[in-house]
Amino acid sequence: MSTLTAGEVIARMKANHGVAWSERSKRDTFKFGGPDTVVKGIATAMFCSYQLLERAVAAGCNMIIPHEDTYWNDADTVSIVSGDPGYQKKVDFMREHDIVIYRMHDNVHAMGKADFTWIGLARALGITQYEIPTLHHFLLPETTLGELAATFQKRLGDKALRVVGDPKVKVSRLQLGVGYATPAVNATDVDVVVSGEQQETDGMLDSPEYVLDANTLGITKGWIMLGHHISEEQGMLEMAAWIKGFVPEVPVQLVRADEPFWAPK
Amino acid sequence: MHEISRRKFVALTAAGVAVAPLPIWGGVPGASVTAQQVADRIQKSMGGEWNDPKSVDGFKAGDPSATVTGIVTTSLATLDVLSQAVKAGANMIITSEPTFFAKADTPAPAPRRAFGGAGRRPGGETEATAAAAPPPPPAVPAPPDPVFIGKDEFIKKHNLIVWRISDHWAQRAPNPFAQGIVDTLGWSKFANGNLSEVAIPGTSLGALVAHVKAGLKSRGGMRVVGDPKLTVRKVALLPSSTPIETALKALPNADVILAGEVREWETVEYVKDTIDMGGKKALVLVGRVVSEGPGMQICAQWLKTVVPEVRSTWLPVVDPYWRPTL
């Protein structure tokens with residue numbers, strides 16, 4: 001029986017990170033449990049949802065390394081949610097199963113080309129071979145926005161994917177985003193942006209309206225939103241492989257949750 | 001291609017002037033009113049504070065001293081909506097969302113910072129998390145953008161005036177965006193006075209979703225969390241964009257939240273967790289722009305009483321989203 005602690009796992013993550021680890025991140029901290037918790041198995045995950053916790057426990061994992069939040073707000077501020085009965089249920093479950101949670105977010109996105117989320121999403125979309133030197137840019141064989149969206153939807157099984165733009169516009173220059181980091185769709189070297197989530201209006205650049213008006217003016221633009229969860233869960237496979245490389249004592253695996261949405265016909 | 005197709009652009013702009021005769025606008029014969037007077041009357045009639053520098057409301061394009069030929073209200077003044085306004089002979093557009101593709105809402109793109117990895121989170125970022133981020137690179141002037149230019153040229157060519165009303169319209173009680181959804185979906189008789197509670201006859205979530213989709217003419221913008229077979233009665237309406245705090249207040253008293261836009265790391269995960277822990281709950285998202293459409297229809301109706309000189313008409317926006325089917 002291994003006596004590996006969560007603190008030792010995190011120390012090895014820092015040592016193997018490859019880029020100076022930021023201790024200033026308020027996201028990348030313990031969300032439940034602490035460094036002394038003994039680790040039986042490690043689950044990398046997207047959102048630390050209740051479904052995810054149940055599946056992780058069923059898979060023999062008590063250390064969760066999620067990319068995203070546990071308490072339904074980005075800063076994981078407990079006081080925002082602690083009045084909700086669901087919060088107590090979730091915490092009770094975590095205590096009962098001796099769970100330890102350490103979020104790994106900012107230090108993933110600090111990795112540049114090695115960022116698991118971009119690598120994993122490109123792999124899952126099947127576009128890795130089309131990557132060009134410009135970071136997160138891809139040059140695809142020319143296709144239509146409609147065909148591209150349908151292909152991506154099938155590859156990801158993404159029920160609630162959303163597309164803006166004329167399905168018939170020809171696209172080849174793709175910029176990939178993940179999570180809430182959606183690239184600006186008005187970049188002159190981009191036909192189509194593929195990403196997770198973005199606010200619809202009142203942002204730095206409101207992609208839906210921009211794409212609609214660009215198409216009206218005869219300018220090639222398209223926007224494919226995959227959903228925050230699906231866009232970043234893929235790369236947690238790469239994160240699990242990375243951790244496995246320096247934590248041989250216990251099993252390390254990606255544990256997936258379901259896409260939260262369904263969409264009406 | 002990234003240059004404006006001149007042929008397409010000319011065709012687009014010419015369509016507006018080619019239509020004749022113009023519809024006969026209602027209103028008071030012989031009386032005239034300027035865009036500034038329309039804005040002044042709206043502000044006076046609604047009351048409240050109109051000088052808050054944080055408010056996004058106000059003139060975004062055009063000459064406020066121009067005489068108004070007709071008013072069009074909309075939740076999003078796309079080029080398509082602007083073309084329809086021109087064809088109908090209206091030169092003042094009153095919109096709830098930005099016209100120039102950003103909160104800045106200026107005819108040229110605002111200076112931008114380089115795209116960074118971790119992303120900005122206006123919905124969830126706290127000072128603490130903001131302080132943890134590396135210092136942002138300096139902003140650089142944005143290059144000329146053909147879509148901004150094309151839209152600005154269209155507005156200037158047709159002497160349109162764009163005035164935004166978002167914050168103030170949402171602050172009216174009851175919230176007109178919620179009222180618009182209630183009216184459109186035929187729920188007026190089920191709602192209490194401030195629309196905090198809408199108790200419809202029990203139906204399945206699946207049937208509710210179909211009803212909302214048809215009523216709001218949604219295409220691909222709808223996304224649903226919850227069991228289609230769940231019976232729902234109490235509906236909480238959260239149009240526009242709302243943070244987790246709003247959902248935490250609304251969900252315990254409702255079976256289903258019907259919302260415009262929420263953050264996926266907040267309300268979507270909250271509702272999903274609540275369901276997975278045994279809660280009989282659901283969340284229906286229709287998109288921010290679609291959720292505000294009927295509220296701008298109410299705005300057009302209300303304007304008839306405030307600005308009787310000219311006709312006010314609502315132009316719905318087509319749901320921006322579509323999706324292929326698996």
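Labels below follow one simple rule: chain letters A, B, ... track the order of the sequence lines, proteins then strands, and each chain is numbered from 1. What you are looking at is a predicted structure, and each value in this text was computed from that prediction instead of being measured.
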Name the residue from B:R288, B:E261, B:K103 that meets the side chain to side chain donor-acceptor pair (under 3.5 Å) definition with A:T201. B:R288
What option among B:V56, B:V224, B:D276 has the most heavy-atom pairs under 4.5 Å with chain A? B:V224
Ignoring hydrogens and geometry beyond distance, is a side-chain donor-acceptor pair present between B:S96 and B:E292 at under 3.5 Å? yes
Part of B:V268 lying under 4.5 Å from any heavy atom of chain A: side chain
Check: A:R155 and A:L125 side chains under 4.5 Å, non-hydrogen atoms: no
Kindly compute the distance separating NZ (B:K60) from CZ (B:R164), expressed to the nearest 0.5 Å. 6.0 Å
Scored by heavy-atom pairs under 4.5 Å with chain B, the best of A:A160, A:G157, A:G86 is A:A160
Looking at every heavy atom in both B:R323 and A:R162, which two are closest together, and how far apart are they? NH2-CG, 3.6 Å
Heavy-atom pairs under 4.5 Å with chain B: which of A:D158, A:V164, A:I224, A:D213 has the most? A:D213
Do you know which of A:E54, A:Q198, A:K89, A:E23 has the most heavy-atom pairs under 4.5 Å to chain B? A:K89
Using non-hydrogen atoms only, which part of A:P85 is less than 4.5 Å away from chain B: side chain, backbone, both, or neither? neither
Chain A contact via B:A77 - side chain, backbone, both or neither, heavy atoms under 4.5 Å: backbone
Contact part of B:V209 toward chain A, heavy-atom cut-off under 4.5 Å: side chain, backbone, both or neither? side chain
Candidate list A:V194, A:I230, A:L226, test side chain to side chain contact (heavy atoms under 4.5 Å, CB included), partner A:L161, passing option: A:L226
Highest number of heavy-atom pairs under 4.5 Å with chain B among A:V108, A:D84, A:V169 belongs to A:D84
Give, as side chain, backbone, both or neither, the part of A:K170 having an atom under 4.5 angstrom from any heavy atom of chain B. neither
Does the gap between the ring centers of A:H67 and A:H229 come in under 6.0 Å? no
Please verify the inter-ring angle class for A:W21 with A:H17; under 30° counts as parallel, over 60° as perpendicular, anything in between as tilted. perpendicular
Contact winner vs chain A - B:G260, B:A104, B:P109, B:G226, heavy-atom pairs under 4.5 Å: B:G226
Among B:A110, B:A210, B:P228, which has the most heavy-atom pairs under 4.5 Å with chain A? B:P228
Kindly assign one of parallel, tilted or perpendicular to the pair A:Y180 and A:H228, based on the angle between their ring planes and the thresholds 30° and 60°. parallel
Heavy-atom proximity to chain A below 4.5 Å, by part of B:V284: neither
Answer key: most heavy-atom pairs under 4.5 Å with chain B among A:D28, A:L212, A:V81, A:L135 is A:L212
Are B:W265 and A:N73 side-chain neighbours, meaning at least one heavy-atom pair lies under 4.5 Å? no
Pairing donors with acceptors under 3.5 angstrom, does anything connect the side chains of A:D115 and A:T117? yes
For each of A:M225, A:E197, A:K90, A:M46, tally heavy-atom pairs with chain B at distances under 4.5 Å, and name the one with the top tally. A:E197
Option that, when pairs with chain A are counted at under 4.5 Å, heavy atom only, ranks first among B:K272, B:R223, B:E245: B:R223
Checked B:G206, B:S241, B:G287, B:P252 vs chain A; the most non-hydrogen pairs under 4.5 Å come from B:G287
Which answer fits B:L285, side chain, backbone, both or neither, if we ask what part of it has an atom under 4.5 Å from a heavy atom of chain A? side chain
